[in-house]
Novice: 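A single structure is presented below for examination.
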Amino acid sequence: MANAMVALANITLGSTAATVTFSSIPATYRDLRLVINGTVTTGGNIFIRFNGDSGSNYTYVQAYGTGSSAASSTSSGSETADASGVFYTNPGMATYDFLDYSATDKHKSSLNRCSVAGNLVIMNAARWASTSAITSIVVSHGSGSYTSGTTFSLYGVIS
Amino acid sequence: MSLTKLAEVTVGAGGAASIDFTSIPGTYTDLLVVHSIRSNQATVSAYATLTITPISSTYSMRGLYGTGSGVGSFTTPVNYIGELTGANATASTFGNGQIYFPNYAGSTYKSYSTDSVGESNGSAANQSLTAGLWSTTSAITGISIVSTSGTFVQYSSATLYGITKGSSGGVTVS
């Protein structure tokens, strides 16, 4: 039976970390899935940077619910303006689907879900304005650091 | 293999009050449930709740929904997991959705996320996303999708997958 989904790399933080980096990602698969589960020291935005690109090449649109209200927003700019999700001190999880990540004829789209039951539920559609294949992913945080025990798992999806 | 099918349940002619997965082994990293469900409740849109074994309480949730004409956010029922179609929805249509549990066998509280839609050609078709938390350090050994009114009709189904983390392909992480 062929594998439809292949585990590529994972890490469980043994101590607080500001960033997690996946590198040397091969162009073997069709899509990538990233799953994050844990908490941060101070609530705020998750940032995703591809291939070390710190330029104003990121855009997103999002919708979220706080439990009492729903809203939507959009933004563009560098990764620091691209709130690719949010994490808090309450337990939460996030999934990212990077579609056609290895294609060199299109910008890179991603779909993201962040679920923090104590705070909010959020969905994002984002675009990295580059035709380069994604070879590295840096996950950082705008306000704090990822706490010990937080897990990051990367999978390749075969077409 | 990173994605392994563990179990599949299809409701028979008699209907069912719930769809249950039991004796879930703790050998995977994450769990994924994919469901396709219709209820016999006399409504266009229905919904289901979640029961986790071994402790059937300590849930919390925040949700986001759309109806086709409005949006909103909600926090109850605390173990809500998704939209279904009811008996008054377009014939032969079933709601569908998925539930994702990362680190389900770990020793911390269990976050989960749900996506669902109750498909219908009518105006009451709903879509929802939720952030859930089972505030228990026990491993998840059973999952039940439970009807809140009426029963699930024949051909409703749910499939449970185990997802295993690992490393391959030379990808490094630090």
Side-chain angles (χ1 to χ4, degrees), chain A residues 1-12 17 19-26 28-29 32-33 35-39 63-72 90-95 113-123 135-137 139 149-157, chain B residues 1-5 28-30 32 58-66 70-76 78-80 98-104 106-115 127-137 161-174:
Chain A
M1 179 185 299
N3 293 336
M5 189 164 141
V6 177
L8 299 180
N10 69 89
I11 186 169
T12 301
T19 63
V20 170
T21 301
F22 293 92
S23 53
S24 302
I25 300 172
T28 312
Y29 308 96
L32 295 174
R33 167 161 277 209
V35 180
I36 307 171
N37 180 212
T39 58
Y64 64 89
T66 65
S68 57
S69 64
S72 181
N90 291 314
M93 60 170 290
T95 59
R113 291 269 282 105
C114 274
S115 300
V116 185
N119 296 92
L120 53 69
V121 58
I122 188 169
M123 59 178 180
T135 58
S136 72
I137 300 170
V139 184
T150 299
T151 63
F152 299 77
S153 299
L154 186 67
Y155 303 88
V157 180
Chain B
M1 180 180 295
S2 297
L3 182 69
T4 304
K5 177 180 172 180
Y28 300 91
T29 308
D30 304 338
L32 170 67
T58 68
Y59 305 96
S60 57
M61 179 279 294
R62 289 176 198 264
L64 174 68
Y65 71 88
V71 297
S73 191
F74 58 105
T75 57
T76 58
V78 294
N79 58 343
Y80 166 98
Q98 65 178 23
I99 316 165
Y100 197 100
F101 302 88
N103 298 314
Y104 72 101
S107 58
T108 59
Y109 286 1
K110 309 303 183 294
S111 296
Y112 59 91
S113 71
T114 79
D115 295 0
Q127 180 184 24
S128 72
L129 313 172
T130 74
L133 182 68
W134 186 51
S135 299
T136 310
T137 57
Y161 299 89
I163 295 167
T164 306
K165 67 182 179 183
S167 58
S168 66
V171 179
T172 60
V173 57
S174 59

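Letters A, B, ... mirror the listed sequences (proteins, then strands); counts begin at 1.
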Novice: State whether the side chain of Ser2(B) and the backbone N or O of Met5(A) hold a donor-acceptor pair below 3.5 Å, judged by distance alone.
Specialist: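 Yes; at least one donor-acceptor contact below 3.5 Å.
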Novice: Does Arg113(A) reach the main-chain N or O of Thr114(B) with its side chain, forming a donor-acceptor pair under 3.5 Å?
Specialist: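 It does hold such a pair.
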Novice: Please name the pair of heavy atoms, one in Lys165(B) and one in Ser153(A), separated by the smallest distance, quoted to 0.1 Å.
Specialist: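 Heavy atoms only, the tightest pair is CB-OG, 4.0 Å.
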Novice: Is a side-chain N or O of Ser168(B) found less than 3.5 angstrom from the main chain of Ala7(A), in a donor-acceptor match?
Specialist: yes
Novice: For chain A, which of Thr29(B), Asp115(B), Thr75(B) has the most heavy-atom pairs under 4.5 Å?
Specialist: Asp115(B)
Novice: Is it true that atom OH of Tyr109(B) has more than 12 heavy atoms of other residues, nucleotides or ligands lying nearer than 6.0 Å?
Specialist: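 Not buried by this count: 12 neighbours or fewer within 6.0 Å.
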Novice: Using a cut-off of under 4.5 Å on heavy-atom pairs, state which of Thr108(B), Leu133(B), Asn103(B) scores highest against chain A.
Specialist: Asn103(B)
Novice: Are the side chain of Ser73(B) and the backbone N or O of Ala70(A) linked by a donor-acceptor pair below 3.5 Å?
Specialist: no
Novice: Below 4.5 Å from any heavy atom of chain B, which atoms of Phe152(A) appear? Answer side chain, backbone, both or neither.
Specialist: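 Contact with chain B: none, neither part.
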Novice: Give the minimum heavy-atom separation between Leu129(B) and Met123(A), together with the two atoms involved.
Specialist: CD1-SD, 3.1 Å
Novice: Where is the tightest heavy-atom contact between Ala117(A) and Gly132(B), given as atom of each residue plus distance?
Specialist: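 Reported closest heavy-atom pair: CB-C, 3.6 Å.
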Novice: If I compare all heavy atoms of Tyr64(A) with all of Leu64(B), which pair ends up nearest, and what's the gap?
Specialist: O-CD1, 3.6 Å
Novice: With chain A, which of Pro102(B), Gly166(B), Gly170(B) has the greatest number of heavy-atom pairs at distances under 4.5 Å?
Specialist: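 It is Gly166(B).
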Novice: Could you pull out the closest heavy-atom pair between Ser23(A) and Thr172(B), with the gap in Å?
Specialist: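 Heavy atoms of Ser23(A) and Thr172(B) come nearest at OG-OG1, 2.6 Å.
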Novice: May I ask you to test the Leu154(A)-Val173(B) pair for a side-chain heavy-atom distance under 4.5 Å?
Specialist: no
